[in-house]
Amino acid sequence: MVGNTTVDPLAWASAVIKPEIDEVRNTRTGHVFDVRRLIRAFRYERAILLRQKLKALVKRDEARLVCATCSVPVYVACSTTKQFFFRHRHEDGSCPAITRAQLSEADIRAMKYRGAQESEAHKRVKALLLRSLSIDPRFSDVAPEKTWKASEGLAGLRRPDVSARTDTHRLAFEVQLSTTFMDVVLSRKEFYRTEGAALVWVLPYFHPSYRRMTDDDILFGNNSNVFVVDERTAAASEAAGTFIMTCWYRKPVIQGDEIIDEWVERMVRWDEVMVDVDRQANIVFDYAQEAARLREELKAARLERIAAAKDAARQAQEERENELREQVLRFLLNVSSNDGDLPRYKTWLVLNDSLRFIGYGFDGDNPDLQTATRIVHLIESARAGKPVGFRYKSLAELGHHLIHQHPELLLAFGYMLRKFGTRDALYSDDRTGKLRVKLEAIRSDLSRDPKYRMAADEERFCAFLSGGASRKSRPENDNPDNSSRAAA
Ligand SMILES: [Zn+2]
């Protein structure tokens with residue numbers, strides 16, 4: 001047949017011969033219809049009107065007919081030859097009725113059975129909800145299926161499963177079903193937020209290890225709290241004379257250094273439910289806040305661990321350095337020491353390598369043992385307040401010696417005398433005052449003339465072995481004006 005097919009408005013509507021969706025279910029009554037028989041029960045003009053009505057209901061999230069197999073809302077479509085059939089609202093090819101090759105007849109029958117059961121569950125939960133709310137005097141205007149018109153000129157209307165009112169809130173209760181899709185959840189949230197009312201999703205059943213996608217939409221959209229109304233909670237409500245539900249919520253806990261979830265199932269009175277209309281979240285336990293707190297706690301603990309590890313590492317390094325310092329000082333102060341079979345110079349090479357490894361050794365392949373020994377004697381003389389290892393009787397004599405033979409050691413010597421508190425000893429033997437005069441004369445050159453400067457590696461060596469005493473004090477510890485005078 002070519003061209004337009006015109007059908008007498010009063011003729012019986014006809015269905016396509018092999019419809020993909022062969023059965024649909026009424027979500028309110030739970031009745032399942034054979035699609036071909038359903039379509040043929042309408043006159044053509046009525047079928048066209050039905051088509052428009054179903055489409056409008058689907059758009060308003062109030063679909064009455066769903067695919068009996070996959071429970072997705074359906075609407076009526078019409079072929080070019082004016083034959084009717086049903087289409088899924090979300091035609092994403094996931095319906096087993098369309099991809100039936102992967103499922104056995106028995107599987108499809110089982111799915112349809114579950115869908116039909118769900119309609120029963122819906123009716124049951126709604127009745128239980130009405131029973132539970134009616135017993136509690138704090139709830140007024142408790143009503144099923146009451147049309148809720150948008151106020152203040154906003155478009156749309158909703159028909160919550162049960163509506164009610166307390167002194168503080170207008171409430172809409174919706175029973176969550178597998179037909180409740182994410183966009184439905186979101187659009188209803190938006191509607192009731194604008195209305196200044198709280199939307200409470202109620203599940204017929206929940207278990208954390210058996211969650212449908214739609215359960216998760218509700219759960220995660222509600223700060224990880226879900227509510228269940230069943231025979232048990234209705235009985236509890238009636239016994240207590242107050243509205244009681246079961247709340248399942250995730251509770252974050254710290255295990256080791258990570259956060260894991262525990263599930264808590266608890267019967268709760270309505271007083272325990274914190275209603276937040278702006279966020280459209282009605283919760284018993286604030287998962288997000290607790291998780292954020294625990295994350296901070298973990299972070300603090302982690303920083304503490306890092307700091308402790310750094311401290312320990314620093315302490316271990318300090319201990320290694322102290323040990324090496326003692327070893328080097330002992331070796332250089334003991335002139336006759338031959339370490340076992342190793343000749344003295346070879347022992348020195350080994351020690352210098354250890355020093356070099358941490359940045360305090362002499363550079364070059366032939367580090368001078370005599371220079372090292374002299375520096376150590378200088379340190380010990382300053383520490384003792386009398387010559388150690390030098391052939392002089394007093395620090396004053398040592399001072400003259402340094403001025404003439406080792407001017408590069410003068411500054412370090414001065415800093416150490418000051419640091420070790422032995423500066424008086426320098427002048428107590430300077431009876432003629434000559435040393436003081438000489439030092440006074442060179443004082444201004446000490447910081448400028450390169451001859452008063454140690455080689456960089458020797459300076460580091462000296463600073464390490466003297467524990468930093470050979471260096472000018474930091475400004476915050478000492479007045480810089482005085483420290484340059486320390487050498488004098
Ligand atoms: Zn389907």
* **Min side-chain heavy-atom separation V200-F227 under 4.5 Å** => yes
* Asked: Looking only at heavy atoms, which two atoms of R211 and H207 are closest? And how far apart?
  -> CG-O, 3.5 Å
* Do E323 and Q327 have side-chain N/O donor and acceptor atoms under 3.5 Å apart? -> no
* Could you tell me whether a side-chain N or O of S466 sits under 3.5 Å from a main-chain N or O of C462, the two making a donor and an acceptor? => yes
* Judged by modelled atom types alone, do N282 and N225 share a side-chain donor-acceptor pair under 3.5 Å? -> no
* To do: State whether the side chain of K472 and the backbone N or O of L411 hold a donor-acceptor pair below 3.5 Å, judged by distance alone.
  => no
* Structure fact -> M416 and A382 have their tightest heavy-atom pair at CB-CB, 3.7 Å
* Structure fact -> Residues L128 and A234: closest non-hydrogen pair is CD2-CB, 3.7 Å
* Asked: Would you find more than 12 non-hydrogen atoms of other residues, nucleotides or ligands less than 6.0 Å from D311 atom CG?
  -> yes
* To do: Report yes or no: does R418 contribute a side-chain atom to a donor-acceptor pair with the main-chain N or O of Y415 at less than 3.5 Å?
  => no
* Does L298 reach the side chain of I254, with side-chain heavy atoms less than 4.5 Å apart? -> yes
* Asked: Would R302 and D257 satisfy side-chain contact (heavy atoms from CB on, under 4.5 Å), going step by step from the backbone distance to the final call?
  -> CA-CA 8 Å; R302 199 156 44 232; D257 56 359; 5.7 Å; no
* Asked: Under 3.5 Å, is there a donor-acceptor pair between the side chain of D429 and the main chain of S394?
  -> no
* Cationic tip of R170 within the cone over Y192's six-membered ring, i.e. under 6.0 Å and within 45° of the normal? -> no
* E265 atom CD, neighbour heavy-atom count above 12 within 6.0 Å -> yes
* Is the NZ or CZ atom of R436 both under 6.0 Å from the centre of the six-membered ring of Y427 and within 45° of that ring's axis? -> yes
* Enter the distance from D363:CG to R460:CZ here, rounded to the nearest 0.5 Å. => 6.0 Å
* Asked: Would a distance-only check, ignoring hydrogens and angles, find a side-chain to backbone donor-acceptor pair under 3.5 Å from T246 to M267?
  -> no
* Asked: What is the distance from atom CG of L409 to atom NE2 of H377, rounded to the nearest 0.5 Å?
  -> 13.0 Å
* Asked: Is the closest side-chain heavy-atom distance between T166 and W270 below 4.5 Å?
  -> yes
* Asked: Going by the ring-ring contact (aromatic ring centres under 6.0 Å, His included) test, which pairs reach into residues 433-452, not counting sequence neighbours?
  -> none
* Asked: Any side-chain heavy atom of V226 within less than 4.5 Å of one from Q176?
  -> no
* Asked: Would E459 and R453 satisfy side-chain contact (heavy atoms from CB on, under 4.5 Å), going step by step from the backbone distance to the final call?
  -> CA-CA 9 Å; E459 196 279 333; R453 208 171 295 149; over 6 Å; no
* Is there side-chain contact between D161 and F173, with at least one heavy-atom pair below 4.5 Å? -> no
* Asked: Does the distance from a Lys or Arg side-chain N to an Asp or Glu carboxylate O, for R138 and D136, drop under 4.0 Å?
  -> yes
* Asked: Hey, are the side chains of L398 and F413 touching, using non-hydrogen atoms and a 4.5 Å cut-off?
  -> yes
* To do: Run the salt-bridge test on D286 and R293 with the 4.0 Å N-O cut-off and return the result as yes or no.
  => no
* **Inter-residue atom distance N366.CG - L349.CG, 0.5 Å rounding** => 7.5 Å
* **Nearest-0.5 Å distance that lies between atom CH2 in W201 and atom CG in N222** => 11.0 Å
* Out of curiosity, K451 NZ to L410 CG, how far, rounded to the nearest 0.5 Å? -> 9.5 Å
* Asked: If you look at every heavy atom in S237 and I244, which pair is closest and at what distance?
  -> OG-N, 2.9 Å
* Is the shortest distance from a Lys or Arg side-chain nitrogen in R383 or E380 to a carboxylate oxygen in the other one below 4.0 Å? -> yes
* Kindly determine whether I442 and K438 satisfy side-chain contact (heavy atoms from CB on, under 4.5 Å), including the steps that lead there. => CA-CA 7 Å; I442 62 172; K438 269 192 211 173; over 6 Å; no
* To do: Indicate yes or no: at least one non-hydrogen side-chain atom of P204 is less than 4.5 angstrom from one of D230.
  => no
* To do: Could you go through the side-chain contact (heavy atoms from CB on, under 4.5 Å) check for L171 and L133 one step at a time?
  => CA-CA 11 Å; L171 302 164; L133 287 167; 5.9 Å; no
* Asked: Looking at R87 and E20, does any basic side-chain N land under 4.0 Å from a carboxylate oxygen?
  -> no
* Asked: Under 3.5 Å, is there a donor-acceptor pair between the side chain of D261 and the main chain of R250?
  -> no
* To do: Spell out, as yes or no, whether a donor-acceptor pair under 3.5 Å connects the side chain of Q405 to the backbone of L402.
  => no
* Would you say W348's side chain and P367's backbone share a donor-acceptor pair under 3.5 angstrom? -> yes
* To the nearest 0.5 Å, how far apart are CD in Q280 and CD in E190? -> 8.5 Å
* Where do I21 and C67 come nearest, in terms of heavy atoms and distance? -> CG2-SG, 4.2 Å
* Does a sphere of radius 6.0 Å around NZ in K386 hold more than 12 heavy atoms from other residues, nucleotides or ligands, not counting ones at 6.0 Å or beyond? -> no
* Structure fact -> Between M245 and T233, the two heavy atoms sitting closest are C-CG2, 3.9 Å
* Asked: Can you check whether G364's main-chain N or O pairs, donor with acceptor, with R356's side chain at less than 3.5 Å?
  -> yes
* Do R314 and E318 sit within salt-bridge range, that is, some charged N less than 4.0 Å from a carboxylate O? -> no
* Asked: Do other residues, nucleotides or ligands put more than 12 heavy atoms under 6.0 Å from D167 CG?
  -> no
* **N/O donor-acceptor pair under 3.5 Å between D368 side chain and A372 backbone** => no
* Where at least one partner belongs to residues 282-308, residue pairs that pass ring-ring contact (aromatic ring centres under 6.0 Å, His included), sequence neighbours excluded -> Y249-F285
* Asked: Within a strict 4.5 Å, meaning less than it, do heavy atoms of the D353 and F357 side chains meet?
  -> no
* Asked: Sequence neighbours excluded, which residues qualify as side chain to side chain donor-acceptor pair (under 3.5 Å) partners of R305?
  -> none
